[in-house]
Visitor: 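Following this message is one structure expressed as structure tokens.
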Amino acid sequence: MTMIESLFFADLANDLPAAVRLQRLVGTLRAHFHCGAVALLRLEGAYLRPVAVEGLAHEALGRRYAISAHPRLAAILAQHGVTHFHHESTLPDPYDGLLDANGSAPLPVHDCMGISLRVEGQPWGVLTLDALQVGTFDEDAVLQLQRLTGAVEAAVRTSRLESEIRALRLARSEVSPGNAAREYEEGEILGQSEAIVHLLDELQVVADSELPVLLLGETGVGKELFAHRLHRFSRRNQKPLVHVNCAALPESLAESELFGHVRGAFSGATNERPGRFEAAAGGTLFLDEVGELPLTVQAKLLRTLQNGEIQRLGADRPRHVDVRVIAATNRSLREQVREGRFRADLYHRLSVYPIPIPPLRERGNDVLLLAGHFLERDRTRLGLRSLRLSSNAERALRAYPWPGNVRELEHVISRAALKAVSRGARRTDIVTLETALLDLDWDCGGSAALGHPQTPADLEENAPAASPAPSPTDTARDPSGRAFERTSDSACAAILPLRETLERSQRQAIAAALTTHNQNWAQAARALGVDSSNLHKLARRLGLKNQTEQVAES
């Protein structure tokens with residue numbers, strides 16, 4: 001047994017999390033073969049998903065490689081034994097420009113080999129090794145990889161067994177390799193941050209109950225995706241999930257849309273028509289932007305949640321329906337209840353189990369995983385050889401507060417890719433997106449008060465030789481036009497840690513809003529454009545709750 005095989009089997013004997021075991025596996029292989037990068041990719045439908053990488057840009061973990069779009073991966077997957085590509089091969093390499101070259105310009109892969117992996121006789125995925133230097137993988141390296149295949153498959157098999165519970169849950173919800181392609185088309189929830197991992201675990205448990213769920217989150221966080229996940233993991237996954245955008249329902253038609261109508265119920269009702277509740281019978285009804293429902297419809301919705309009955313508009317008798325309701329809102333329903341715009345009894349019925357969805361700015365490196373996902377999708381759509389982020393662009397994405405969350409990130413990446421092509425980038429090149437192409441809306445001071453800090457590059461470029469004294473405040477406006485106070489540009493240019501700069505600006509904005517609105521937290525939250533409960537949490541974290549009068553949050 002060779003030394004590297006001894007390391008593999010030693011890890012098999014250790015009690016390690018599956019992710020750690022696979023990461024140690026690719027790290028050991030990279031060191032043994034002295035190559036640039038090693039990646040372990042799992043087969044999921046028509047895609048290969050990276051589960052562990054070493055030597056690739058962090059955003060590579062967020063990519064989903066369509067087998068039909070990557071001939072090298074297809075060739076490795078189709079063959080038994082090691083597949084070694086000649087350095088003059090015309091087949092594009094999926095990792096061109098993604099290898100970590102110590103900050104230098106992106107380079108194409110010059111040497112590549114890989115092997116298909118099987119577990120219990122079935123295709124599991126592929127292992128790929130890449131190098132920037134021609135000749136890294138000689139005949140001896142090919143033979144060594146062939147000998148190590150069994151040890152690699154053993155590590156994969158062990159990790160698979162350790163994930164048996166999760167696999168059973170996925171099988172129950174029919175999210176299996178056979179239909180994973182459909183899941184990617186509908187939208188996949190990507191993330192490795194503590195916030196998102198905890199949320200997904202919570203959803204897993206709640207989905208199996210019949211409780212109504214209220215999804216809370218800012219615009220663009222992906223509430224619809226989480227609703228789909230709740231349905232997929234529920235006992236109702238074989239029945240329909242019906243989506244209703246409450247904000248798009250005209251008040252005059254909202255009742256008919258939800259509960260249906262009989263012929264002659266109103267002018268133009270020439271036929272009897274079932275509503276969305278009946279369409280979702282046995283399944284799930286997703287009420288998106290539920291805070292926009294008219295008060296008259298809210299009363300009838302409450303009756304349905306209480307006794308499971310609906311009554312078509314114009315009908316004499318009620319009908320029984322068996323529907324689970326998932327609602328979502330980016331508003332504070334508590335505030336709407338206080339203002340008389342939402343029924344308190346309906347709020348309590350819908351929020352039996354409220355689930356806050358974290359904004360993108362609180363998810364750390366998840367922004368790079370998501371960026372990788374969108375980069376690979378846009379690379380395929382535009383027919384590019386390679387599409388990547390520069391190191392400065394990665395830092396900018398991490399620093400930006402994402403007021404529009406995941407939806408904004410998706411648009412930023414797509415727009416930057418189109419700009420790169422329109423400005424002359426050739427589809428055969430390794431296309432690198434620089435910070436300027438991202439067109440992020442940085443605004444020193446004012447926007448920072450609402451969570452928009454400067455980029456690290458801006459802070460370095462504008463930093464003076466000595467920190468100036470604090471300067472007076474002036475008036476600025478956020479992107480929606482609301483006025484607030486901000487410090488002058490010279491104060492923003494002071495060299496301070498980015499976190500301290502952001503927190504200082506947030507304290508100033510909250511204090512100014514509270515002063516303007518006579519310490520009314522609800523009005524201050526509306527002025528700042530944030531949810532009231534989130535404002536209370538932020539104030540506690542910033543220490544403002546110890547300096548201002550405590551206000552009841554319920």
Visitor: Could you tell me whether the side chain of S332 and the main chain of E335 form a donor-acceptor pair under 3.5 Å?
Guide: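 Checking the backbone N and O of E335 against the side chain of S332, a donor-acceptor pair under 3.5 Å is found.
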
Visitor: Mind running side chain to side chain donor-acceptor pair (under 3.5 Å) on R395 and T435 for me, showing each step along the way?
Guide: CA-CA 9 Å; R395 285 194 291 270; T435 307; over 6 Å; no

Visitor: Checking R385 now: which residues fulfil side chain to side chain donor-acceptor pair (under 3.5 Å) with it, not counting sequence neighbours?
Guide: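 D96.
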
Visitor: Going by atom types alone, do S193 and D366 pair a side-chain donor with an acceptor below 3.5 Å?
Guide: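 Looking only at side-chain atoms, D366 and S193 do form a donor-acceptor pair, the distance falling under 3.5 Å.
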
Visitor: Assess the residue pair Y47 and I67 against the criterion (side-chain contact (heavy atoms from CB on, under 4.5 Å)); give the C-alpha distance rounded to whole Å, side-chain angles, the decisive distance to 0.1 Å, and a yes or no.
Guide: CA-CA 6 Å; Y47 295 82; I67 299 169; 5.9 Å; no

Visitor: Under 3.5 Å, is there a donor-acceptor pair between the side chain of D288 and the main chain of V244?
Guide: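 No, because the side chain of D288 does not come within donor-acceptor range (under 3.5 Å) of the backbone of V244.
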
Visitor: Quick one: are R343 and Y347 in side-chain contact, heavy atoms under 4.5 Å?
Guide: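 Sidechains of Y347 and R343: no contact.
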
Visitor: Strictly distance-based, threshold 3.5 Å: is any side-chain N or O of R407 a donor or acceptor partner for the main-chain N or O of V221?
Guide: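 No: the side chain of R407 does not pair with the backbone of V221.
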
Visitor: Assess the residue pair Y65 and L41 against the criterion (side-chain contact (heavy atoms from CB on, under 4.5 Å)); give the C-alpha distance rounded to whole Å, side-chain angles, the decisive distance to 0.1 Å, and a yes or no.
Guide: CA-CA 9 Å; Y65 294 98; L41 301 96; 3.6 Å; yes

Visitor: Can you find a side-chain donor-acceptor pair between T284 and R236 that sits under 3.5 Å?
Guide: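 Side chains of T284 and R236: no pair found under 3.5 Å.
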
Visitor: Can you name the nearest heavy-atom pair linking L382 to R427, along with the distance?
Guide: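 Smallest heavy-atom distance, with atoms named: O-NE, 2.7 Å.
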
Visitor: Quick check: closest heavy atoms across L249 and A254, and the distance to 0.1 Å?
Guide: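 Of all heavy-atom pairs spanning L249 and A254, the closest is CB-CB, 4.1 Å.
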
Visitor: Grab the two heavy atoms, one from G340 and one from L295, that are nearest each other, plus how far apart they are.
Guide: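 Scanning both residues completely, I find the closest heavy atoms to be O-CD1, 3.7 Å.
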
Visitor: Do the non-hydrogen side-chain atoms of L225 and V406 ever get within less than 4.5 Å of each other?
Guide: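 Counting from C-beta outward, L225 and V406 never come under 4.5 Å.
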
Visitor: Let's go through R398 and L368 carefully: what are the C-alpha distance in whole Å and the side-chain angles of both, what is the deciding distance for side-chain contact (heavy atoms from CB on, under 4.5 Å) to 0.1 Å, and is it a yes or a no?
Guide: CA-CA 8 Å; R398 283 283 286 111; L368 298 183; 4.3 Å; yes

Visitor: Here's a test for you: under side-chain contact (heavy atoms from CB on, under 4.5 Å), which of L214, L216, L203 qualifies with I355?
Guide: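 Result: among L214, L216, L203, L203 is the only option passing the side-chain contact (heavy atoms from CB on, under 4.5 Å) with I355.
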
Visitor: Could you tell me the separation between the CG atom of L514 and the CD1 atom of I510, rounded to the nearest 0.5 Å?
Guide: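 With rounding to 0.5 Å, CG (L514) is 7.5 Å from CD1 (I510).
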
Visitor: Roughly how far, to the nearest 0.5 Å, is the CG atom of L370 from the CD1 atom of I413?
Guide: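 Interatomic distance, I413 CD1 to L370 CG, rounded to 0.5 Å: 10.0 Å.
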
Visitor: Taking H231 for its side chain and F226 for its backbone only, find out whether a donor-acceptor pair lies under 3.5 Å.
Guide: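 Pair absent, no side-chain N/O of H231 close to backbone of F226.
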
Visitor: If we only count heavy atoms from C-beta on, is the Y353 to E202 side-chain gap below 4.5 Å?
Guide: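 Sidechains of E202 and Y353: in contact.
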
Visitor: Quick one: does any side-chain atom of R263 pair with a main-chain N or O of N271 as donor and acceptor, under 3.5 Å?
Guide: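 Flag not set: sc R263 to bb N271 has no pair under 3.5 Å.
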
Visitor: What distance separates E255 CD from I310 CD1, expressed to the nearest 0.5 Å?
Guide: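 Spacing of CD (E255) from CD1 (I310) equals 10.5 Å.
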
Visitor: Is any side-chain heavy atom of E59 closer than 4.5 Å to one of L369?
Guide: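 A side-chain contact under 4.5 Å is absent here.
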
Visitor: Below 3.5 Å, can you tabulate the donor-acceptor pairs from side chains in residues 272-281 to any protein atom, sequence neighbours excluded?
Guide:
{"unit_1": "E272", "atom_1": "OE2", "unit_2": "R312", "atom_2": "NH1", "d": "2.3"}
{"unit_1": "E272", "atom_1": "OE2", "unit_2": "R319", "atom_2": "NH2", "d": "3.4"}
{"unit_1": "R276", "atom_1": "NE", "unit_2": "E257", "atom_2": "OE1", "d": "3.4"}
{"unit_1": "R276", "atom_1": "NH1", "unit_2": "H243", "atom_2": "O", "d": "3.2"}
{"unit_1": "R276", "atom_1": "NH2", "unit_2": "E257", "atom_2": "OE1", "d": "3.1"}
{"unit_1": "E278", "atom_1": "OE1", "unit_2": "R312", "atom_2": "NH2", "d": "3.0"}
{"unit_1": "E278", "atom_1": "OE2", "unit_2": "R312", "atom_2": "NE", "d": "2.9"}
{"unit_1": "E278", "atom_1": "OE2", "unit_2": "R312", "atom_2": "NH2", "d": "3.3"}

Visitor: Does the distance from a Lys or Arg side-chain N to an Asp or Glu carboxylate O, for R363 and E194, drop under 4.0 Å?
Guide: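 A salt bridge is absent here (no side-chain N lies under 4.0 Å from a carboxylate O).
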
Visitor: Does L375 reach the side chain of L389, with side-chain heavy atoms less than 4.5 Å apart?
Guide: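 Side-chain contact under 4.5 Å: yes.
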
Visitor: Could you tell me whether a side-chain N or O of W402 sits under 3.5 Å from a main-chain N or O of V367, the two making a donor and an acceptor?
Guide: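 Such a contact is absent between W402 side chain and V367 backbone.
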
Visitor: Rounded at 0.5 Å granularity, tell me how far CD in E210 sits from OG in S234.
Guide: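 E210 CD to S234 OG: 7.0 Å, rounded to 0.5 Å.
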
Visitor: Are E376 and R381 within salt-bridge range, i.e. N to O under 4.0 Å?
Guide: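 The answer is no: the pair does not qualify as a salt bridge.
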
Visitor: Can you confirm whether L287 sits close enough to L301 that some side-chain heavy atom of one is under 4.5 Å from a side-chain heavy atom of the other?
Guide: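 Answer yes - side chains close enough.
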
Visitor: Please report the C-alpha distance between K419 and E434 in whole Å, then the side-chain angles of each, then the deciding distance to 0.1 Å, and finally whether the salt bridge (charged side-chain N to carboxylate O under 4.0 Å, His left out) criterion is met.
Guide: CA-CA 11 Å; K419 282 184 178 181; E434 298 291 348; over 6 Å; no

Visitor: Would N365 and Q192 count as a side-chain contact (heavy atoms from CB on, under 4.5 Å) here? Give the steps.
Guide: CA-CA 8 Å; N365 279 332; Q192 295 180 341; over 6 Å; no

Visitor: Would you say the side-chain atoms of N520 pair up with the backbone N or O of Q523, donor to acceptor, closer than 3.5 Å?
Guide: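 Answer holds: yes.
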
Visitor: Quick one: does any side-chain atom of N405 pair with a main-chain N or O of T219 as donor and acceptor, under 3.5 Å?
Guide: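 Present.
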
Visitor: Mind checking the CG-CZ spacing from L333 to F342? Nearest 0.5 Å is all I need.
Guide: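 Rounded to the nearest 0.5 Å, the CG-CZ separation comes to 5.0 Å.
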
Visitor: Provide the closest heavy-atom pair for R415 versus L438 in the form atom of the first, atom of the second, distance.
Guide: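 Scanning both residues completely, I find the closest heavy atoms to be NH2-O, 3.7 Å.
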
Visitor: Does the side chain to side chain donor-acceptor pair (under 3.5 Å) test come out yes or no for E218 and N330, once each step is laid out?
Guide: CA-CA 5 Å; E218 300 174 5; N330 61 0; over 6 Å; no

Visitor: Got F374 and R63 here, is their nearest side-chain heavy-atom distance under 4.5 Å?
Guide: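 Of all side-chain heavy-atom pairs linking R63 with F374, none is under 4.5 Å.
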
Visitor: Indicate the atoms forming the closest heavy-atom contact of Q311 with R317, along with that distance.
Guide: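 Looks like CG-O, 3.9 Å.
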
Visitor: Can you confirm whether H411 is buried at NE2, in the sense that more than 12 heavy atoms of other residues, nucleotides or ligands lie under 6.0 Å from that atom?
Guide: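 Buried by this count: over 12 neighbours within 6.0 Å.
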
Visitor: Any non-hydrogen side-chain atom of E309 less than 4.5 Å from a side-chain atom of V321?
Guide: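 No, side chains not in contact.
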
Visitor: Nearest heavy-atom pair of R229 and L200: which atoms, and what distance?
Guide: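 Closest approach of R229 to L200: NE-CD2, 3.5 Å.
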
Visitor: Please check: side-chain N/O of Q298 versus main-chain N/O of L293, any donor-acceptor pairing under 3.5 Å?
Guide: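 A pair under 3.5 Å: yes.
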
Visitor: Just how far is it from atom CG of L384 to atom CG of D378, taken to the nearest 0.5 Å?
Guide: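 Going from the CG atom of L384 to the CG atom of D378 covers 8.5 Å.
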
Visitor: Could you tell me whether a side-chain N or O of R64 sits under 3.5 Å from a main-chain N or O of H373, the two making a donor and an acceptor?
Guide: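 Not at all, since once roles are kept as given, no pair shorter than 3.5 Å links the two residues.
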
